[in-house]
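A short worksheet on the structure shown next.
The basis for the numbers below is simple: all heavy atoms, side chains too, and nothing from hydrogens, waters or symmetry mates. Since this is a predicted model, take the numbers as computed values, not measurements.
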Amino acid sequence: MLRQTELHKLSKKLQSFHANQPSGGLSFQAHNTTSTGNLKEQRKRLVKFLKHAYRGHFALLLPIPWYDDLKLKLTEVYTRLEVKQVKRGNTMAGQDLKNLHDMFIADKEGQHALRIRIEGPPAMGKSTICRKIAYDWACGELKQYKLLFFLEMRHATGLAVIDEIFTQLLPKDFSITKEELANIISQQEKSTLFLFDGLDELIKGKIEGCEIADHIAKKLRAYCTIVITTRPRLRDRYLSDCDLYLIVKGFTKKSTDEYIDKYFKDDKDTGTTLKQQIKVQREDNTDKSITDLLRNPLHVSFLCILWEDYKQNEKENYFPKTHTELYAEVLECTLKRYCTKMSIELNNGEIPELVIGYRDDLAGDSYKIYSAGKINFLKTDISCEQYLDLGLLVRDLGHSRIKAQELYYFYHKTWLEFFTAFYISSQLEVGDTTGLDNLFSNPQKSSPVLKFLAGISESKASGLLFDRFNQKIQTLKNKLNTPRKHLEEVNNFHLYLVSVLNAYMN
């Protein structure tokens with residue numbers, strides 16, 4: 001405690017005093033079993049390992065991990081996202097973050113933001129921002145931080161943060177104890193940076209009362225810096241005390257072109273034709289669908305990959321115009337690649353029923369996972385092992401040092417939502433509204449699935465979908481005459497309805 005408050009002389013006196021006590025007396029070493037010199041060596045080893053790991057893991061980007069041959073260098077394709085500061089406390093309203101590292105610069109009063117909230121829609125590049133920060137630190141930038149811990153909330157178990165570091169970052173044979181790690185962080189607290197990526201992916205039952213929430217609320221490690229990324233509208237009580245609030249706005253027109261140029265640096269003609277087609281689409285569309293589509297870095301990556309495929313198959317006159325259509329195209333392309341890989345013959349260019357069956361099985365299991373509030377598939381959740389070979393799911397042995405557990409998950413949560421919508425749409429086509437009713441029980445959480453559902457649904461399914469919307473609207477109308485607490489629910493649902501209608505009409 002004395003060291004944490006920088007009373008180092010008193011700390012040394014206390015250590016010296018207890019070192020001279022007779023055997024059996026109170027001993028400071030009972031609480032700190034590692035000598036200062038040894039702890040310094042442990043810290044050096046830890047920093048060396050983390051930097052090596054981040055440089056190795058984050059040097060390459062895999063826009064679509066199931067395309068093993070597509071690996072892009074982070075330094076070559078990273079394009080600055082538009083990140084805005086929003087008026088929260090003393091932050092500036094609408095100020096653009098010119099450089100990613102600016103979030104760590106002290107303000108005019110010399111105060112550093114210790115809790116930084118980065119919010120943005122699905123697939124807008126929040127995780128890429130975290131990877132870029134970790135990679136930059138590993139390459140010698142952000143020198144004010146001696147330690148950096150990148151923790152993915154999708155893998156968090158709700159344990160203590162020290163345990164999360166052990167399970168997510170350190171190999172089993174790394175010779176450091178939890179006590180030593182805790183002491184190292186305590187000594188370097190003001191120069192320690194945590195990245196909590198995807199707080200919205202931490203299951204509700206695990207965030208309640210867990211140590212991660214205490215870290216964010218400054219109940220623990222109050223002087224370290226923590227960056228938290230999340231989708232919009234996560235319960236504010238976990239994030240209301242953040243010192244800096246940033247919103248990721250995605251790619252501008254300029255940064256979209258820059259990304260395409262970097263992606264096609266070895267095939268400039270193909271990149272030029274894609275940019276020309278984008279320009280045509282923007283000029284031909286009076287709505288915001290194309291602009292919104294191209295603001296999303298993941299969608300731009302999909303377009304680049306599809307454009308290569310279109311060129312090979314002479315389909316360059318086709319251009320997906322909505323995010324649902326884009327995901328459907330990527331899925332079809334993936335299934336055809338699977339057929340080629342497995343020497344399965346296409347039926348006049350159409351995917352055979354056998355493979356369609358694998359796709360539908362994956363959709364059914366995705367719906368079960370989503371409905372259970374999970375994002376990972378256990379082995380017992382897999383109803384058809386053949387769909388694992390499609391490459392859409394990432395295999396992981398889990399993060400338990402004690403008992404390895406085989407896990408599977410989509411590399412991005414939007415794919416889980418897409419497949420969930422796909423399954424519900426098939427339910428609606430046969431008149432089953434069970435899945436749709438479950439979505440309407442929490443439309444705020446289910447908004448991404450509802451948007452996909454509107455884009456996927458055929459005539460019968462869309463009829464049932466909008467019947468349910470009408471029923472919900474009538475219910476909310478009745479609430480307008482009740483206390484004001486219901487007004488927010490009415491307004492929020494109106495926003496969801498507009499976004500879903502846009503997805504359907506486009």
Worksheet, complete the sentence: From the list Val449, Ile375, Asn376, side-chain contact (heavy atoms from CB on, under 4.5 Å) with Leu416 holds only for Ile375
Salt bridge (charged side-chain N to carboxylate O under 4.0 Å, His left out) involving [X] - partner list, sequence neighbours excluded:
X      : result
Arg43  : none
Glu417 : Arg231
Asp257 : none
Lys275 : Asp261

Quick one: closest heavy-atom pair of [X] and [Y], and the distance?
X      : Y      : result
Phe452 : Ala421 : CB-CB, 3.5 Å
Ala123 : Pro297 : O-CD, 3.7 Å
Phe49  : Pro171 : CZ-CD, 3.2 Å
Met103 : Val227 : SD-CG2, 4.3 Å

Return the set of residues passing side chain to side chain donor-acceptor pair (under 3.5 Å) with [X] (not counting sequence neighbours), or none when no residue passes.
X      : result
Tyr338 : none
Tyr367 : Asn438
Lys218 : Asp243
Tyr327 : Thr414

Fill in: side chain to side chain contact (heavy atoms under 4.5 Å, CB included) evaluation trace for Cys224 with Phe194
CA-CA 8 Å; Cys224 68; Phe194 284 96; 3.8 Å; yes
Side-chain atoms of residues 141-150: list all donor-acceptor pairs with protein atoms under 3.5 Å, sequence neighbours left out, distances to 0.1 Å.
unit_1, atom_1, unit_2, atom_2, d
Lys143, NZ, Gly140, O, 2.9
Tyr145, OH, Thr225, OG1, 3.3

If you measure only the distance, is there a donor-acceptor pair under 3.5 Å linking the side chains of [X] and [Y]?
X      : Y      : value
Arg221 : Ser186 : yes
Asp361 : Ser383 : no
Tyr259 : Ser301 : yes

Worksheet item: Taking Ser191 as the fixed residue, which of Glu189, Gln187, Gln188 is the one that meets the side chain to side chain donor-acceptor pair (under 3.5 Å) rule?
Response: Gln188
Item to complete: Mind jotting down which residue pairs meet the salt bridge (Lys or Arg N to Asp or Glu O under 4.0 Å) criterion with at least one end in residues 126-137? Sequence neighbours excluded, please.
Response: Lys132-Asp136
Fill in: Counterpart residues, side-chain contact (heavy atoms from CB on, under 4.5 Å), relative to Cys139 (two or more places apart)
Arg55, Tyr135
Worksheet entry | side-chain contact (heavy atoms from CB on, under 4.5 Å) partners of Ile247, counting only residues at least two apart | Val86, Tyr245, Lys249
Worksheet item: In terms of heavy-atom contacts, does NZ of Lys379 have more than 12 from other residues, nucleotides or ligands at under 6.0 Å?
Response: yes
Worksheet item: So, do Leu392 and Leu331 sit near enough that their side-chain heavy atoms are less than 4.5 Å apart?
Response: yes
Discussion item. Run Tyr387 and Arg359 through side chain to side chain contact (heavy atoms under 4.5 Å, CB included) and show every step you take.
Written reply: CA-CA 7 Å; Tyr387 69 57; Arg359 178 202 66 185; over 6 Å; no
Discussion item. Tell me if the aromatic rings of Phe410 and Phe418 count as close, with their centers under 6.0 Å from one another.
Written reply: no
Fill in: Test of ring centre spacing under 6.0 Å for Tyr409 and His155
yes
